[in-house]
Each structure stands twice: as structure tokens, then as C-alpha cells.
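So the structure is just underneath, and the comments pick up after that.
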Amino acid sequence: MITVQLHDKTFELFIPQEEIEKRIDVLSQMIVNDLGDTKPVFISVLNGAFMFTSEIVKRFPYNCEVDFLKISSYVGTTSSGNVNLTTNSIKASLANRNIIILEDIIDTGLTIKSLLNALSKYNPEKIYIATLLFKPEVYKFKNEIDINYIGFNISNEFVVGYGLDYDGLGRNLLDIYKLNQI
Ligand code: IMP
């Protein structure tokens, strides 16, 4: 079994880089087909979405803007329930534009909910949501918020790598690892 040690915890290989990239090829193609040449604004949710953002944007062949928002709700391996959010860093003009939020992972959905509330105030044309990972078992907004592009549905496990961290470590791993429960 391939494992990595981060702080006090051991994580085992879960989704290899090759599989992640193949899936991102598919998601990107869906985004290109849906958005086409509408000059969309990609909004990347930092820190975790930096790698996913880079891969999606590299595959988008038309004019677009890319902006970044820094948000955090996790403390250690659990959601704190409080989302720190400010949209002040966004420089693109969002009115009447197609926005694509790029998330590393959607867990309870509290982050995406606050983000949608905050971004709706700018009167965009439409807001799309793309996430590399999704935990359907813990998602709280099933009938309320549709997620347009999902890389992988995973069970309720704590994962790291490909941008995701455990207390600051693991973001540079090219594969995704899950917490070893043993
Ligand atoms: P939500 O608000 O509960 O949907 O949580 C979303 C945020 O929590 C993500 O953008 C991540 O930063 C963090 N998060 C949720 N699950 C994990 C995980 O398994 N590993 C690392 N970070 C996670």
C-alpha cells in the first residue's frame, strides 16, 4: 500500500494522478461545450482549488478571466461550520457574465452556499459550479443547489493532495490520498 505521513496521520493512495487528469479532460470538455466563447469568469476558491483551477483553465481555449477568492472553513480534519468570506479580491466585472466557481471539494456545502449568496449580488448571467471532489453523504443542499460539474463522488472520508491539505501539508501531492482509519 502506498502511504504518506502528514503531521500525526497516515494517508493511503486513493485517486492516482492519471485518473484525476483523465476526469479533468472530460469535465473541461463539458465546460467548453456549455460555456463556449462567452468570455466567462472562472473564480477559484483558494487555497485548495489552485491545481484544479490550473488544469481546467489550461484546457479552456476561448477568452476568459480568472479570479481568486480565499476562503477557509476547516480546522484540522473537520469543518468548523464558519465560513470566512470576502469578495473584495475579485477584480473582474461580473454583471451579465457567466461565472464558473472552481472548488477543490464540496463537503457540507456551506462554503458554496455563502459563495453563491455573495456572488449573486453582482448580477451575473449564470453561476456554474465545478468541483473536483464531492461528498454526497454530507452535502446539505441537495434540493437547493445543483452542482454542475463533479470530478469524483467520494464517501465521507478526509482526503489530501492535488491542492487539498491537512493542517497546511499535502497540497503538493500529485495524487489524492485518504486518511488511513486503522
Ligand atoms: P464545506 O463548506 O463543508 O463544503 O467544505 C468545503 C471546504 O472544506 C473545502 O473547500 C476544503 O477546503 C475543506 N474540506 C472539506 N473536506 C475536506 C477534505 O476531505 N480534505 C481537505 N479539506 C477538506
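Counting starts at 1 for both ligands and their atoms, following the listed order. Heavy atoms only: backbone and side chains are in, while hydrogens, waters and symmetry mates are out.
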(Q) Using a plain distance cutoff, I'd like to know if Ile112 has any nitrogen or oxygen under 3.5 Å from a nitrogen or oxygen of ligand 1. (A) no
Q: Please say whether Ile106 places an N or O atom under 3.5 Å from an N or O atom belonging to ligand 1.
A: no
Q | Test of ring centre spacing under 6.0 Å for Phe134 and Phe152 | A | no
Q) Side chain, backbone, both or neither: which part of Thr108 has a heavy atom under 4.0 Å from ligand 1? A) both
Q) How long is the span from the CD1 atom in Ile176 to the CG atom in Leu132, to the nearest 0.5 Å? A) 4.5 Å
Q: Out of Ile105, Ile154, Asn47, indicate the one that has the non-hydrogen atom closest to atom 11 (C) of ligand 1.
A: Ile105
Q: Say whether Asp104 and ligand 1 are in contact under the criterion: heavy-atom distance to a ligand atom below 4.0 Å.
A: yes
Q. Hey, looking at atom 4 (O) of ligand 1, which of Ala49, Gly109, Gly163 has the closest heavy atom?
A. Gly109
Q. Is ligand 1 less than 4.0 angstrom away from at least one heavy atom of Leu164?
A. yes
Q. Which ligand 1 atoms does Thr111 reach within 4.0 Å, using its non-hydrogen atoms?
A. 1 (P), 2 (O), 5 (O), 6 (C)
Q | Phe60/Phe42 aromatic ring centres below 6.0 Å | A | yes
Q | Min heavy-atom dist Gly48 to ligand 1 below 4.0 Å | A | no
Q.
Please list, in number order, the atoms of ligand 1 under 4.0 Å from a heavy atom of Asp165.
A. 21 (C)
**Q.** Donor-acceptor pair between Asn172 and Tyr162 side chains, under 3.5 angstrom
**A.** no
Q. Side chains of Asn180 and Lys9: do they bring a donor and an acceptor to under 3.5 Å?
A. no
**Q.** ligand 1 atoms in contact with Glu157 (distance to a heavy atom under 4.0 Å)
**A.** 19 (O)
Q | Between CD1 on residue Ile71 and OG on residue Ser44, distance to nearest 0.5 Å | A | 10.0 Å
**Q.** Lys135 neighbourhood, listing ligand 1 atoms whose heavy-atom distance to it stays under 4.0 Å
**A.** 16 (N), 17 (C), 18 (C), 19 (O)
Q. Quick one: CD1 on Ile154 to NZ on Lys135, what's the gap to the nearest 0.5 Å?
A. 5.5 Å
Q. So, for Asn63 and Pro40, which heavy atoms are closest and what is the spacing to 0.1 Å?
A. O-CD, 3.6 Å
